[in-house]
Asker: 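I have a structure here, written as structure tokens, and I will follow up with some questions on it.
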Amino acid sequence: MKQEKICLVTGASGGIGRAISRELASAGYTVILQGRDLDKLTDIRKELRYNSHIVCGDLTDENARNRILNEAFDYGDIELLVNNAGISSFSDFQDLAKRELVNLMDINLLSPMLFTHEFLKRLSPSKSTNTNKVKATIVNVGSAFGSIGYPGFSAYCASKFGLYGFTESLSRELADSNIRVAYFAPRATHTNINSDIVDEMNRSLGNASDSPEFVAKEFMTLIRSNKARKFVGWPEKFFARFNGVFPEIVDRAISTKLNKIKRFFNKSRTSESVSEISLVEEK
Ligand SMILES: NC(=O)c1ccc[n+]([C@@H]2O[C@H](COP(=O)([O-])OP(=O)(O)OC[C@H]3O[C@@H](n4cnc5c(N)ncnc54)[C@H](OP(=O)(O)O)[C@@H]3O)[C@@H](O)[C@H]2O)c1
């Protein structure tokens with residue numbers, strides 16, 4: 001009898017998570033959908049024709065993380081974990097509230113590390129150099145900004161550089177085991193993570209932006225390969241590597257755009273104060 005393939009996708013209620021869940025369901029996986037919003041997840045479950053389950057909760061909460069994993073493993077052995085949940089922030093670093101900074105590092109870096117830690121305990125990796133014997137794959141969703149520091153995204157870049165470092169280390173550490181660890185780095189993608197101002201800035205700078213459906217197809221090529229990393233989109237995939245070798249050249253390229261980028265910080269600041277005013281008015 002053919003065994004059921006089960007995967008767990010965090011942030012499945014978001015743009016990229018939903019598109020990835022769709023692709024995985026089409027590839028025959030039973031998808032365990034994780035997010036915080038039950039209504040959104042129920043909607044996706046309907047779309048996947050119930051070939052899925054829901055585990056709801058906040059990944060920054062230790063009890064929720066343990067419960068999510070217990071509930072997920074009750075459905076059977078998980079073959080694929082996609083650590084995709086994340087948030088972003090765009091502003092002048094000094095305008096970033098301390099609370100926002102801590103929250104961002106927690107959701108984007110600490111939580112996926114702690115979640116993976118707990119996940120591995122439930123799998124007990126064993127030695128195997130035979131790549132056909134992979135028992136489970138963990139994919140961490142990073143970003144092009146996990147390899148290129150960009151003005152206005154200091155905290156986000158720090159979290160994704162950290163996630164990349166974590167993924168690479170763990171992947172190398174487990175290279176002689178039956179667990180595969182890989183890193184997937186989209187570039188700008190049309191989802192709610194980007195504010196209107198970030199979308200406008202990308203258009204104005206001529207930065208390409210992908211659809212979540214395209215990104216999910218790229219994700220599937222990583223899953224079907226035995227590669228340890230995949231960067232999406234040209235020229236970002238080149239710059240991600242180039243920045244590691246000749247960062248001074250990338251410094252100069254970005255500095256020619258700095259004035260323009262900073263104009264969007266100011267716009268962002270103004271729009272935030274407008275929404276704060278409207279919140280006060282609503283009260
Ligand atoms: N879009 C881009 O331009 C882009 C580019 C490169 C990389 N990425 C990465 O791709 C991943 C997915 O982003 P997206 O673009 O699809 O963003 P999105 O549409 O905003 O979705 C984010 C997802 O993360 C979940 N999430 C956020 N905080 C959470 C928490 N504390 N606990 C549990 N779930 C939480 C959200 O759940 P709720 O529905 O409960 O809020 C949502 O499902 C992120 O890691 C992001 O950094 C995105």
Side-chain angles (χ1 to χ4, degrees), residues 8-23 31-45 54-65 67-69 72 81-90 100 102-115 139-148 150 152-153 155-164 166-167 183-203 207-216 218-219 222 229-233 236-237 239-240:
L8 168 58
V9 180
T10 73
S13 50
I16 293 176
R18 183 176 187 134
I20 285 178
S21 300
R22 232 184 252 136
E23 284 291 333
V31 188
I32 303 178
L33 306 159
Q34 192 286 323
R36 290 170 302 181
D37 186 323
L38 184 60
D39 290 343
K40 282 195 217 162
L41 294 171
T42 306
D43 189 44
I44 302 163
R45 184 155 191 254
I54 292 173
V55 287
C56 228
D58 187 330
L59 289 168
T60 61
D61 177 330
E62 185 176 2
N63 292 331
R65 279 196 302 271
R67 178 185 45 74
I68 287 165
L69 282 173
L81 166 65
V82 188
N83 282 316
N84 164 73
I87 59 168
S88 183
S89 120
F90 172 69
E100 203 185 339
V102 170
N103 193 35
L104 190 144
M105 295 305 286
D106 195 355
I107 296 174
N108 288 6
L109 181 58
L110 255 185
S111 300
M113 288 179 75
L114 292 166
F115 200 59
V139 181
N140 292 329
V141 178
S143 165
F145 283 176
S147 308
I148 305 169
Y150 207 82
F153 290 94
Y156 183 74
C157 288
S159 71
K160 294 295 182 178
F161 267 71
L163 190 68
Y164 188 26
F166 164 60
T167 311
Y183 181 74
F184 178 65
R187 62 178 174 184
T189 308
H190 292 295
T191 71
N192 291 337
I193 206 171
N194 296 315
S195 64
D196 291 346
I197 287 167
V198 169
D199 286 339
E200 194 188 331
M201 179 180 74
N202 282 333
R203 279 193 300 276
N207 296 339
S209 194
D210 296 316
S211 69
E213 291 71 27
F214 171 77
V215 172
E218 292 284 287
F219 174 85
L222 172 66
R229 52 183 75 72
K230 182 170 179 68
F231 296 86
V232 179
E236 286 78 357
K237 65 167 82 176
F239 274 125

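For this chain, numbers begin at 1 and follow the sequence in order. In each ligand, atom 1 is the first atom listed, and ligand 1 is the first ligand listed.
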Asker: Looking at Phe153, I'd like to know if its CZ atom is crowded, meaning that more than 12 non-hydrogen atoms belonging to other residues, nucleotides or ligands lie closer than 6.0 Å.
Answerer: yes
Asker: Does either side chain, that of Ser13 or that of Asp37, offer a donor lying less than 3.5 Å from an acceptor on the other one?
Answerer: no
Asker: Is it the side chain (CB and beyond), the backbone, both or neither of Asn194 that lies under 4.0 Å from ligand 1, heavy atoms counted?
Answerer: side chain
Asker: Would you check if Phe219 and Asn84 make a side-chain contact, meaning some heavy-atom pair closer than 4.5 Å?
Answerer: no
Asker: Specify the protein heavy atom at minimum distance from atom 41 (O) of ligand 1: its residue, its atom name, and the distance to 0.1 Å.
Answerer: Arg36 NH2, 2.6 Å
Asker: Counting only heavy atoms, which portion of Ile107 has something under 4.0 Å from ligand 1: side chain, backbone, both, or neither?
Answerer: side chain
Asker: If you have a sec, work out which protein heavy atom is nearest atom 16 (O) of ligand 1 and how many Å separate them, to one decimal?
Answerer: Ile16 N, 2.8 Å
Asker: Should Val232 and Phe184 count as side-chain neighbours, where that means a heavy-atom distance under 4.5 Å?
Answerer: yes
Asker: Given Ser143, Gly86, Gly233, Gly142, which one has a non-hydrogen atom that is nearest to atom 9 (C) of ligand 1?
Answerer: Gly142
Asker: I'd like the name of whichever of Asp210, Ile20, Leu59 reaches closest to atom 32 (N) of ligand 1 through any heavy atom.
Answerer: Leu59
Asker: Any heavy atom of Ser209 closer to ligand 1 than 4.0 angstrom?
Answerer: no
Asker: Does ligand 1 have an atom under 4.0 Å from some heavy atom of Gly57?
Answerer: yes
Asker: To check your reading of the model: name the closest protein heavy atom to atom 6 (C) of ligand 1, its residue, and the distance in Å.
Answerer: Pro186 O, 3.3 Å
Asker: Check whether any N or O atom of Gly14, backbone or side chain, sits under 3.5 Å from an N or O atom of ligand 1, and answer yes or no.
Answerer: yes
Asker: Which atoms from ligand 1 have a heavy atom of Ile193 less than 4.0 Å away?
Answerer: 1 (N), 2 (C), 13 (O), 15 (O), 17 (O), 20 (O), 46 (C), 47 (O)
Asker: Just jot down the ligand 1 atoms closer than 4.0 angstrom to any heavy atom of Tyr156, in number order.
Answerer: 6 (C), 7 (C), 8 (N), 9 (C), 46 (C), 47 (O)
Asker: How does Phe145 reach ligand 1, by side chain, by backbone, by both or by neither, if only non-hydrogen atoms under 4.0 Å count?
Answerer: neither
Asker: Are side-chain heavy atoms of Val55 and Leu8 found at a separation under 4.5 Å?
Answerer: yes
Asker: Nearest to atom 38 (P) of ligand 1 by heavy atom, Gly15, Ser13, Ala64: which?
Answerer: Ser13
Asker: Ignoring hydrogens and angles, tell me if any N or O in the side chain of Glu236 forms a donor-acceptor pair with the backbone of Phe231 under 3.5 Å.
Answerer: no
Asker: With heavy-atom distances below 4.0 Å as the criterion, list the atoms of ligand 1 near Ala85.
Answerer: 24 (O), 25 (C), 26 (N), 34 (N), 35 (C), 45 (O)
Asker: Distance alone, cut at 3.5 Å: any donor-acceptor contact between the side chains of Ser111 and Asp106?
Answerer: yes
Asker: I'd like to know if Ala188 contacts ligand 1, where contact means a heavy-atom distance under 4.0 Å to any ligand atom.
Answerer: yes
Asker: How close does the nearest protein non-hydrogen atom get to atom 45 (O) of ligand 1, and which residue and atom is it?
Answerer: Asn84 O, 2.8 Å
Asker: Could you tell me if the side chain of Asn207 sits less than 4.5 Å from the side chain of Tyr150, heavy atoms only?
Answerer: yes
Asker: Which bit of Lys160 is near ligand 1, meaning a heavy atom under 4.0 Å away: side chain, backbone, both or neither?
Answerer: side chain
Asker: Would you mind reporting whether Val82 and Val141 have side-chain heavy atoms less than 4.5 Å apart?
Answerer: yes
Asker: Taking N or O atoms only and a 3.5 Å limit, does Lys40 qualify as a polar contact for ligand 1?
Answerer: yes
Asker: Heavy-atom contacts with Val141 under 4.0 Å: which atoms of ligand 1 show up? List them by number with element.
Answerer: 9 (C), 10 (O), 11 (C), 45 (O)
Asker: Is the shortest side-chain N to carboxylate O distance from Asp43 to Arg18 below 4.0 Å?
Answerer: yes
Asker: Just to check, does Arg187 reach to within less than 4.0 Å of ligand 1 when the distance is taken from its heavy atoms?
Answerer: yes
